[in-house]
Amino acid sequence: MTLPTPQEHLHVVAGIVERRSAGEPEFLQAVREVLETLEPVLAEHPEFIEAGILDRLVEPERQYIFRVPWTDDQNRVQVNRGLRVQFNSALGPYKGGLRFHPSVNLSVIKFLGFEQIFKNALTSQRIGAGKGGADFDPTGKSDAEVMRFCQSFMTELVHHIGENTDIPAGDIGVGAREIGYLFGQYRRITQRYEAGVLTGKGMGWGGAEVRTEATGYGAVFFAEEMLARAGQAIEGRRALVSGSGNVATYAIEKVQQLGGKAITASDSSGYIVDEAGIDLALLKQVKGVERGRISEYAERRPGAHFVTSGSVWDVPAELAFPCATQNELSGANARTLVKNGVRAVAEGANMPTMPDAIELFQDAGVLFAPGKAANAGGVATSALEMSQNAARSRWDRDKSESRLHGIMRDVHETTYAASERYGRPGDYVLGANSAAFVTVAQAMLEQGVI
Ligand code: GLU
């Protein structure tokens, strides 16, 4: 049997995915972005073609779709759709967050699960990949409604997860409150205190230091490494951050700690610009404690203003951290950023930068860090939480943050080294995809056709 060339093989796999997943645009976008970069790796490893690694990698191992019925505060019955996609377990148990947002559907969860394979591989923490969620909108819901929803969601999910099989965590719309309700229901149904079944837990009952901050901090650590390699630094630079959840908040915090000036934050209603630098205590109060709108920040902060048209990417700055959601930074936004002198872009969110925008950055010589590498600090710290749970221990803050920092340095090193090895030094998209793919593919190869 003669093997197809890497190019032919990639073409065939792309065709299969396009046909099988027609109508799943986010998933197709995520797969295409990876396939486009894998030719050099496959040229070096024909055994991956022979073993059908890619054909298997693009198909989730298992997918659950289930009904989530619950009653609202008016005693009306509500129904949402719940999902859990167990994408790949070659490196370890399925690991990845749950997203509660009205935009959640199979395409979104599959794209997130697919990205998670590569991200988790880059952390070197021996975790497989999964993702889940529901089209439930926590905005405006009472605590009691959120609790009833979480209990109903877990009543089904409980059959599919476990500390050695699948370990969910948070994502958009799922934070400490939701993880608490989910864990309570899991414990009640199973009658077991399996702390390691969920990560992102409360600090008093198995949570890990710095887990909340890890994704945002990690993205900034990655940017710091990337800039350092190019002889630059965060200190003294203006930074744009989109979003105002955990990832954005702690990206802003770390930029400030490193001497940079983060001047923006956003939510679905608009964005704020604070030329004096974001007042973190106020941001945490408005978005974290009060669960309010970002406009309230501007109302309470002299000198800050709230903008409803355009996006944070219209503001001139040298650094950009998209930390809101997928496809939030378009080609037009990238053009504006480049014109305004942006030097580095690091994705705190998953797939926030559209494909044409990535191309524009790379062509303009802007350092670009894909989320698979740059936002891996969150899930990496989840793996550290699992280790602490297994050992019934708890690390202090300094140890936790220094472990996170070390992991992000390693992710950067691995990613950069792969970009060199596969012929495009400094192309972190190719580097992240290639390094992660080789790790997962090798494990799949050694474990046989399953
Ligand atoms: N949702 C986060 C991510 O996109 C974290 C997942 C986890 O900690 O399992 O990586």
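Hydrogens, waters and symmetry mates play no part in the numbers below; they use all other heavy atoms, side chains included. Count residues from 1 along the sequence. One-based numbering, in listed order, for ligands and for the atoms of each.
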Please produce the table of protein N or O atoms sitting under 3.5 Å from N or O atoms belonging to ligand 1, one pair a line, distance to 0.1 Å.
{"residue": "ligand 1", "atom": "1 (N)", "partner": "Lys131", "partner atom": "NZ", "Å": "3.2"}
{"residue": "ligand 1", "atom": "1 (N)", "partner": "Gly170", "partner atom": "O", "Å": "2.9"}
{"residue": "ligand 1", "atom": "1 (N)", "partner": "Asp171", "partner atom": "OD1", "Å": "2.8"}
{"residue": "ligand 1", "atom": "4 (O)", "partner": "Lys119", "partner atom": "NZ", "Å": "3.0"}
{"residue": "ligand 1", "atom": "4 (O)", "partner": "Lys131", "partner atom": "NZ", "Å": "3.0"}
{"residue": "ligand 1", "atom": "4 (O)", "partner": "Asn350", "partner atom": "ND2", "Å": "3.1"}
{"residue": "ligand 1", "atom": "8 (O)", "partner": "Arg211", "partner atom": "NH2", "Å": "2.9"}
{"residue": "ligand 1", "atom": "8 (O)", "partner": "Ser382", "partner atom": "OG", "Å": "2.6"}
{"residue": "ligand 1", "atom": "9 (O)", "partner": "Lys95", "partner atom": "NZ", "Å": "2.6"}
{"residue": "ligand 1", "atom": "10 (O)", "partner": "Gln116", "partner atom": "NE2", "Å": "3.1"}
{"residue": "ligand 1", "atom": "10 (O)", "partner": "Lys119", "partner atom": "NZ", "Å": "2.8"}

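The side-chain hydrogen bond (donor to acceptor under 3.5 Å, both in side chains) check on Tyr250 picks up nothing, with sequence neighbours excluded.
For the 3.5 Å distance criterion, the side chains of Tyr297 and Asp274 qualify, holding a donor opposite an acceptor. For the residue pair Glu401/Tyr217, the side-chain donor-acceptor check at 3.5 Å is not satisfied. For the residue pair Arg211/Ser382, the side-chain donor-acceptor check at 3.5 Å is satisfied.
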Practice problem: Show your working on side chain to side chain donor-acceptor pair (under 3.5 Å) between Asn105 and Asp135 and close with a plain yes or no. | Solution: CA-CA 7 Å; Asn105 57 33; Asp135 58 357; over 6 Å; no
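Here Trp70 and Phe153 keep their ring centres 6.0 angstrom or further from each other.
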